[in-house]
Amino acid sequence: MPHNNETLKSISTNITKLQEDLGNLTHRESPVSPPTTNITDKLLTDLNAKLEKLTDAESLITNGMQLLTRSIESFHKSPNNPPHLEPLHPDPPALDRPEPVLTNIAHEQTPYSDCNLDFIKQEEAAELIPFLESYTFKQENGHSVLSFGESYQYIGSKSSDNVPPIPEKLKPVLDRINSLQASLYSARYPGDKSVPIINSCLINKYDYEGPNSFLPKHSDNEVTIHPESSIFTLSIGQSSDIRFIERHTGSESVLTLPDRSLYHMTRRSQEVFEHLIKKGSIESGVRYSLTFRCVRWTNKNSTCLLGDSNTGLLKFGVGMTPLISTSTHQKPGCQPSCIDNILTNDIENTVLSGTLSTGISHHHAVFHLLRSPLMHKREQEQKHVQYYDYCNKNVDKFLTSLTQELTIKPPLNFSDFSSAFHELDKACKLERPKCSKRTAKENPWITSGLIASIDRKHELFDSWKNAKKVKCVHRSNPNQVDCSCQPCVNTLRCHEEFRNHRRLLNYLVNCAKRKYHGNKIQECAGDSKKTWQIINELRGKKRRLTPN
């Protein structure tokens, strides 16, 4: 490193010369100076201060050169290991700062509300175990699951699709839990009659991993759970220890769940606490955990923001999804921009959204169709009412009348433009609404196999309908019975398949319906009141409701 040595010698020479000049300036006798003015005195004072600072820095420069020399020498001796440069000044003493402590947020929630040790009788548990064993569970993380009733969806759920209704075997337990829910809600909100109805059951089975079965840490804080409801968990089989952990403080509490015990916790407590079951908490054997919740998509609080933002550079908040992605403002001489926005946090219930070009303003109209309940009715009381018939004939009639209306009398404002769509009522609205009671897929005797058969029937009907559209080769035979051409043969074959499948399906549905009602009457043996309720339901009679 000859170049570095020469540089080091040059720096040392300059520093030595600088030290000599400082020494001469310091020890030289000051000559007798003529009288000075104030400006001269000030200049001499500033120069003296700078010389003193330079003298103080002499030792620092010398130490730095020595350290640099040692570092260069060590680098020559061990080129593979870079030298450790010591700091010119020692590190300042570390400040005695207290470690951050997580603030304990005040709340009134408890990990669980209560635990009933003998909620069901031993005979009831003995009947439920073989009933649960007859079902096939789907494996999840550390356990297996099965769902009944309203679909309960959560992260990683494996049983939230095609959920069957709650079976009759669980109805007595469900009724008792709903009674408990009503008493808890009435005590919390006296006078409020809108009691949440428990309608979903998720069953966890702990057996396929033996003692290593577990429940991951989580909280039941899904938005579809009623915010003022309680969550009930019934344990059947082996006992287990469940742990509750507070989110902010990390404090932990343990609850032992023996056989036939029921504990419940509020939905609001799930924002504060998490719960889990560790490996080894369940003894060797089988444990069933039946959790009942009030689940419905309408429990989610939907928020929708819409309007003209006058800018296209918006930053949307967490959870808000923009629904408009095309240009909504087009002005001659300007670049098209999207400044009319619709934001929502409920993308699951969004049916349709988009823009409408009115031709009246430079802004396009934006719209958002949201699936939202306007009338709160129980599911069993809902009727399917049809007010409009959107067949091809009516739609063509509407388009023709709308074109004529806009051509003859062009709209001058938005009110005229919207009034032109009143032709929709004339073209597609029915004179009398059609009420249908055909809710076969919602009936409890309709199984997943029957649903698949119903879908197959619809497919065969569509095939037969499409086959009829192909014209016969021999046009002289409109009946297609004695004709041997390919279109006629195919039409007859599709119709025969559809008719045979429909006949068999009707027979299976009637058998399932008779079996279902027969089992209900058999369960009510000895109770004439419940028996007549079932008979009146079959006859189509309902108790007359007296208005309040």
Side-chain angles (χ1 to χ4, degrees), residues 304 306-308 322-332 334 336-342 344 349-375 382-439 455 457-473 475-480 487-488 490-491 494-495 498:
C304 182
L306 65 160
D308 180 6
L323 301 180
I324 305 300
S325 58
T326 60
S327 60
T328 61
H329 181 264
Q330 293 182 350
K331 187 177 182 180
C334 298
S337 59
C338 178
I339 60 176
D340 301 277
N341 297 280
I342 300 179
T344 182
N349 294 316
T350 297
V351 179
L352 184 65
S353 62
T355 61
L356 296 174
S357 179
T358 61
I360 301 174
S361 171
H362 299 308
H363 291 265
H364 296 334
V366 295
F367 67 92
H368 176 210
L369 301 182
L370 179 67
R371 184 164 62 102
S372 177
L374 300 180
M375 299 179 64
Q382 291 180 355
K383 294 182 180 180
H384 300 273
V385 184
Q386 182 181 358
Y387 295 95
Y388 292 86
D389 183 11
Y390 297 106
C391 62
N392 294 333
K393 180 180 178 181
N394 291 344
V395 171
D396 293 339
K397 182 180 177 181
F398 165 68
L399 293 177
T400 303
S401 60
L402 181 63
T403 303
Q404 294 177 356
E405 181 73 17
L406 296 178
T407 304
I408 298 174
K409 187 180 179 181
L412 301 178
N413 49 44
F414 187 77
S415 178
D416 296 341
F417 176 76
S418 61
S419 63
F421 283 87
H422 291 169
E423 298 293 330
L424 180 65
D425 289 344
K426 300 179 182 179
C428 301
K429 190 173 183 178
L430 299 174
E431 294 182 0
R432 295 181 59 183
K434 292 182 179 180
C435 297
S436 175
K437 297 181 180 180
R438 300 185 63 181
T439 57
D455 295 337
K457 183 190 73 171
H458 295 161
E459 293 176 0
L460 293 176
F461 177 78
D462 293 338
S463 299
W464 174 44
K465 188 176 180 180
N466 294 330
K468 290 171 61 178
K469 295 180 181 180
V470 182
K471 296 182 179 180
C472 175
V473 177
R475 299 179 181 271
S476 60
N477 185 16
N479 295 326
Q480 300 179 345
C488 294
N490 187 34
T491 302
C494 293
H495 180 258
F498 167 70

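Small disclaimer: the values here were computed from a predicted structure and weren't measured. Because only heavy atoms are used, hydrogens play no part in the values below, and waters and symmetry mates are left out as well, while side chains stay in.
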* **Distance (rounded to the nearest 0.5 Å) between Phe398 CZ and Lys429 NZ** => 14.0 Å
* With His495, which residues qualify under ring pair (Phe, Tyr, Trp, His ring centres under 6.0 Å), at least two apart? -> Trp464
* Quick one: list whatever passes side chain to side chain contact (heavy atoms under 4.5 Å, CB included) with His362, sequence neighbours left out. => His329, Lys331, Pro332
* Indicate the atoms forming the closest heavy-atom contact of Val395 with Cys428, along with that distance. => N-SG, 4.4 Å
* To do: Could you please spell out the steps behind the side-chain contact (heavy atoms from CB on, under 4.5 Å) verdict for His368 and Leu306?
  => CA-CA 9 Å; His368 176 210; Leu306 65 160; over 6 Å; no
* To the nearest 0.5 Å, what is the distance between CG (Asp455) and CG (Leu460)? -> 11.0 Å
* Structure fact -> Closest non-hydrogen atoms of Pro336 and Ser327, given as atom of the first, atom of the second and distance, are CB-CB, 3.8 Å
* Structure fact -> dist Asn392:CG -> Asp396:CG (nearest 0.5 Å) comes out at 6.5 Å
* Quick one: side chain to side chain contact (heavy atoms under 4.5 Å, CB included) partners of Thr355, sequence neighbours excluded? -> Ile324, Thr326, Thr328, His364, Val366
* Just wondering, do Phe367 and Leu352 contact through their side chains at under 4.5 Å, heavy atoms? -> yes
